Amino acid sequence: MKPSIALKPSTGKKRSLALKLSLIVLTSAAGIFLAAFGVTYFTVREMMLEHAETQAREMADATANRIFANLNGVMATAHPLSAMTEDGRYDVEALHDMLDQVVQRSPQVSGAAIAFEPYSVNPDQRYFAPFSYQKNGEIRRAFLGGEGFDYFVRDWYQVPRETGRPVWTDPFLAEGGADEMIATYAAPLYRQEGDTSSFIGVLALDISLAEMVERIGSVSIFDSGFAFLVSSTGAFVTYPDPDFITRESFFSLADQWDLPKLREIGRAMVRGEEGFVQVPARLIGEPAWMYYAPLPAVDWTLAVIAPDRELFADVLQLTKLVLAIAGVGFLALLIAIVGVTRSITMPLKRLVRTASEIARGNLDEALPPVHSGDEVGELAKSFDEMRLSLRDYIDNLTATTKAKERIESELLIARNIQQSFLPKQRSLPRNVTEFDLHADLHSAKHVGGDLYDFFLLQDRFLFFAVGDVSDKGVPAALFMAVTKTLVKGIAEQYESPGAILERVNNELCVNNDNGMFVTYVCGVLDLRTGALRLANAGHNLPLIRRAGKNAEWLDLAPALVLGAIEEIEYPVREITLHPGDSLMFYTDGVVEAIDSNGSLFGDEPLRQLFDSREAETPPEMVKKVFDAVNEHSRGEPQSDDITVLVLDFVGVTEPANFAASARGS
Amino acid sequence: MLPTTSCQRRTLAFALAAALLIGRLAGLSFGAESAGTAVTFLPHWIPQAQFAGFYVAADQGFYREAGLDVEILQGGPERPPSQLLPAGDVDFATMFLSNGILLRGEGKPVVNLAQLLHESSLLLVTHADSGIETPQDLAGKKVAIWPEFEAQPLALFRQFEIEPSVIQQGASMRVFQRRGVDAACAMRYNEFQWLYLSGFNEEDLNVIALEAYGVGFPEDGIYALEETVNQNPETAAAFVEATLAGWRHAFAHPDDAIDSVMTRIEQAGLLSNRSHQRRMLEALRTVYLDEKGELRTPRLRQEDFTRVADMLMDAGDLPQRLNYETFHRLEALDR
């Protein structure tokens, strides 16, 4: 029969190893990469923002310093008191000279005026404000104030007057073709009289912002970033889009576009704060970052703005490059993984297929060779070796099993043969009623070395015997067959059991190279008289139970076993059986039966058992012994052949009553 | 400080006078000409949404349809209608009711043809952190007041018997912004919106609304000389009707109105932005229109007239009682 190896069915979904490995490796790699990249990106971004902020701040500082550095000095040079005559009146000419000087000396100052309180210089004259200004390369003089030009309500006059502090007006566009951006710087003038200082008027300078506007306008950051000025009310003083200039402010745009964020930025600027903020995309058309800072000494704000896109153009470039590399890298990684896993899984798949074949019992299917030299190759090699040795083993097993079966069947046949050797009750003639006899034999193996025998001699004598060949199994069985045959043949020629044993022994010794021997006890019973002659060749003493008495050991002189040494004499003991007497022959398999504790059945228990016989027939008695022995050695394998023979002497019966005493068979 | 706009304005004033002279010689609408009767109109301030109705009436052709050829002049603080109208330099003008009454009280024969704003939008604003919230808080403080529109704040001061120190307010809120004064005048639809668009949030300012204290005078109205109305009632009526139509259209189509306003602003070389004008128009909407969104009646209520006249008389500015019917000539326009 072909053995089959059962494989456990696979549970769950089949998932390709390549897929699993790819997923794990790639997602891990992706995770690590993204983490590293993310950290790098944001760190670089922060650095760039800081850098941009620093740059913008430096620019704001530099710009402001250039413009307003000298102003204080300029202001100090002009005070009307220096143009006062001794009688407290103002020398108009001197005033104008002074103003001319101011305008002349400072290239930024395009006009200078001193405006006096109404009627303060001349009680008939409401307005008195000498004014010098630059026009077409020369310095002109004029007087401000008049119908339609009430400078007292103008910012440059009113604010210094009411606040007591100098003020910068918001920039405005001057007349004339130059379209010049001008702002007025005005300071209150006081006259000290004792403890009191009284306000006399305002010194106002028109400061040309052309240079500042140009410098600011020329600022370029990154590609399209620019700088611009914002006034104290959030209005655009300079801006690339001329429509915004002085018209729009952060607030008007925030209101028009509904952008509260823009309004907040404007408010921060107006408060004179410094900041670096993100600007809504609506302002320059795309998201942008703006740095703003107050210009020192004025209430304006300088702002520098750059599109987010350009600010981070480098970072984006880097990002794209890194992502491209990552993309290629992942692809390469994926290919490599798939390649490696395939080099693993392909042989494994083949192994699986072959294993399935083997499971079906087909051990001849060889594995395709794997040359990779790695663990998979080792596995394939071992697998194939296993397959080959498995095949050989199975072949051997099959052959051995066949041989065994053959032997098994032959042994069964031998058993049958041996069984047929042994005499049956029915082999005795039916008309013999002088005795009742039963014997049984259980061999330990298929065939055994125990034997029993009984047959009639000359119709007058009963020969009965029990013997035990040394060892067990086939050799013993063969020797037993020889012994039995010899006994049968020799017993016909001699009446004395001693003589029989002598002759049998001599024959057995011939060609007994194996050194086998047999213990034998036999008896010849005269059926008419009850005279019994017994001889013993090294066998266990039989048991005798006289009628009405206890069973006791039948003492026979021990002699040597049969088959050991030639020319041995075997003494004979003669006794007389009376009707009702019975004998028990047995082999040592009975008394030497071992139980699970290793203790023997023992002689005495056997005697007691024979002693306890009441009305059992010889077959029943024999069975009783066997049952006792089986009971004793329950669970233990039978170690020796067991034989029991029970003989009941009935006695002579009326010859005419053969039919009446014949037992039905 | 350079007399830039002043120069411009003087030039313009001369041109204006010349044009008027020519116009006068040419006569005022005695019979319809193909171009319509030529009239001049002077708003009482610089071009802004405050006069949107007039600009819209012109741009949308309402004046033309009414048979008028209206020239809208450029107004401003240095060209007050209170001088130019009595002088006959302009045909129609707007001014505050108080100014009209005062002129009439001086014997100048101006008449009110239509009252456009029945409520005052005049405010006194203070900084929130100054703690000045009520008129009483203004005692002893420095307040900037427009001389042209001083009647109402002075009435308020009289009412609460306070004497703050008053200085003249110009066209800019800068003195207030820089805290040169504690309080300043502001029109809710104009300077107040300007403050918002300069970064002031509502919580940064306190507001004393003169209307809330009963010293609110009705403000903008259309005025002409009595003689103009007597001689050309149809022209006057047509002007008023077309103007009202202009206002209706302005509130119904604010974007059109802002376009018209911005055009005038740019023509005048002034600087403003759409946000300011839009906010101005929206602030005027609640004063021009009633709850149903309809233009209020142009009829000056007699009680308003009497109240203002009385207050001015108490201030000593109005020497004599005035007659309501001779002052308010809307009925004369009914056809």
Side-chain angles (χ1 to χ4, degrees), chain A residues 110-111 113 115 129 131 133 142 144-165 167 169-170 172-176 182 184 186 204-206 232-235 244-257 263 266-271 299, chain B residues 1-14 76-80 83 142 144-148 165 167-182 184 193-201 204 258 262 265-266 269-279 282:
Chain A
S110 64
F131 174 54
Y133 61 99
L144 300 175
E147 205 59 42
F149 182 28
D150 181 3
Y151 62 69
F152 297 115
V153 293
R154 291 293 175 94
D155 284 344
W156 58 264
Y157 190 91
Q158 202 171 47
V159 176
R161 182 183 194 276
E162 301 302 332
T163 63
R165 291 191 305 272
V167 71
T169 65
D170 273 1
F172 55 91
L173 290 164
E175 69 157 9
I182 289 182
T184 304
L205 302 178
D206 282 346
S232 63
T233 55
F244 279 15
I245 295 176
T246 71
R247 273 199 189 79
E248 302 286 352
S249 66
F250 269 80
F251 307 110
S252 66
L253 292 180
D255 191 65
Q256 191 172 328
W257 296 333
R263 183 175 171 84
R267 274 167 64 83
M269 285 173 156
V270 161
R271 282 194 295 266
D299 287 333
Chain B
M1 178 189 62
L2 270 178
T4 59
T5 45
S6 158
C7 258
Q8 272 183 345
R9 287 174 189 152
R10 266 196 237 133
T11 316
L12 190 57
F14 282 128
E78 288 132 12
R79 204 160 343 110
Q83 290 171 22
K142 217 192 311 183
I145 295 184
W146 289 312
E148 184 78 1
S165 118
I167 68 158
Q168 204 174 341
Q169 183 168 347
S172 143
M173 295 299 282
R174 209 56 52 78
V175 181
F176 170 73
Q177 188 193 8
R178 303 215 186 244
R179 301 180 183 250
V181 293
D182 299 307
Q193 302 304 323
W194 183 92
L195 285 173
Y196 176 80
L197 292 176
S198 300
F200 285 89
N201 283 354
D204 298 327
I258 303 302
M262 292 305 295
I265 290 174
E266 268 144 43
L270 297 170
L271 301 170
S272 185
N273 52 64
R274 291 188 76 94
S275 292
H276 191 192
Q277 300 306 319
R278 197 174 42 78
R279 293 185 78 91
E282 286 312 303

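The sequence lines fix the lettering, A, B, ..., with proteins before strands; numbering per chain opens at 1. Computed from a prediction, not measured in an experiment: that's the story for all the values here.
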If I measure from the heavy atoms of chain A, does Gln193(B) come under 4.5 Å with its side chain, its backbone, both, or neither? neither

Phe152(A): which residues meet the ring-ring contact (aromatic ring centres under 6.0 Å, His included) condition with it, sequence neighbours left out? Tyr127(A), Tyr157(A)

Could you tell me which portion of Asp182(B) (side chain, backbone, both or neither) has an atom closer than 4.5 angstrom to a non-hydrogen atom of chain A? neither

Take atom CZ of Arg165(A) as the centre, draw a 6.0 Å sphere, and report whether it contains more than 12 heavy atoms from other residues, nucleotides or ligands. no

Pick from Leu253(A), Ile245(A), Thr163(A) with the largest number of heavy-atom pairs that fall under 4.5 Å of chain B: Thr163(A)

Tell me, please, which residues at least two apart from Ser249(A) pass side chain to side chain contact (heavy atoms under 4.5 Å, CB included). Ala235(A), Phe251(A), Ser252(A)

By a 4.5 Å heavy-atom criterion (distance strictly below it), what part of Asp255(A) contacts chain B: side chain, backbone, both, or neither? both

With a 4.5 angstrom heavy-atom cut-off, could you sort out which part of Gln177(B) is near chain A: side chain, backbone, both or neither? side chain

Given the ring of Tyr196(B), does Arg263(A) sit roughly above its face, with NZ or CZ under 6.0 Å from the centre of the six-membered ring and within 45° of the axis? yes

Answer key: most heavy-atom pairs under 4.5 Å with chain A among Ala171(B), Ser198(B), Gly76(B) is Ser198(B)

Okay, Leu195(B) and chain A: the region with an atom under 4.5 Å from a heavy atom over there is neither

Against chain A, label Arg178(B) side chain, backbone, both or neither, depending on which of its atoms sit under 4.5 Å from a heavy atom there. both

Is there a donor-acceptor contact under 3.5 Å linking the side chains of Asp155(A) and Thr169(A)? no

Taking every heavy atom of Asp170(A) against every heavy atom of Ser232(A), the minimum-distance pair comes out as OD1-OG, 3.0 Å

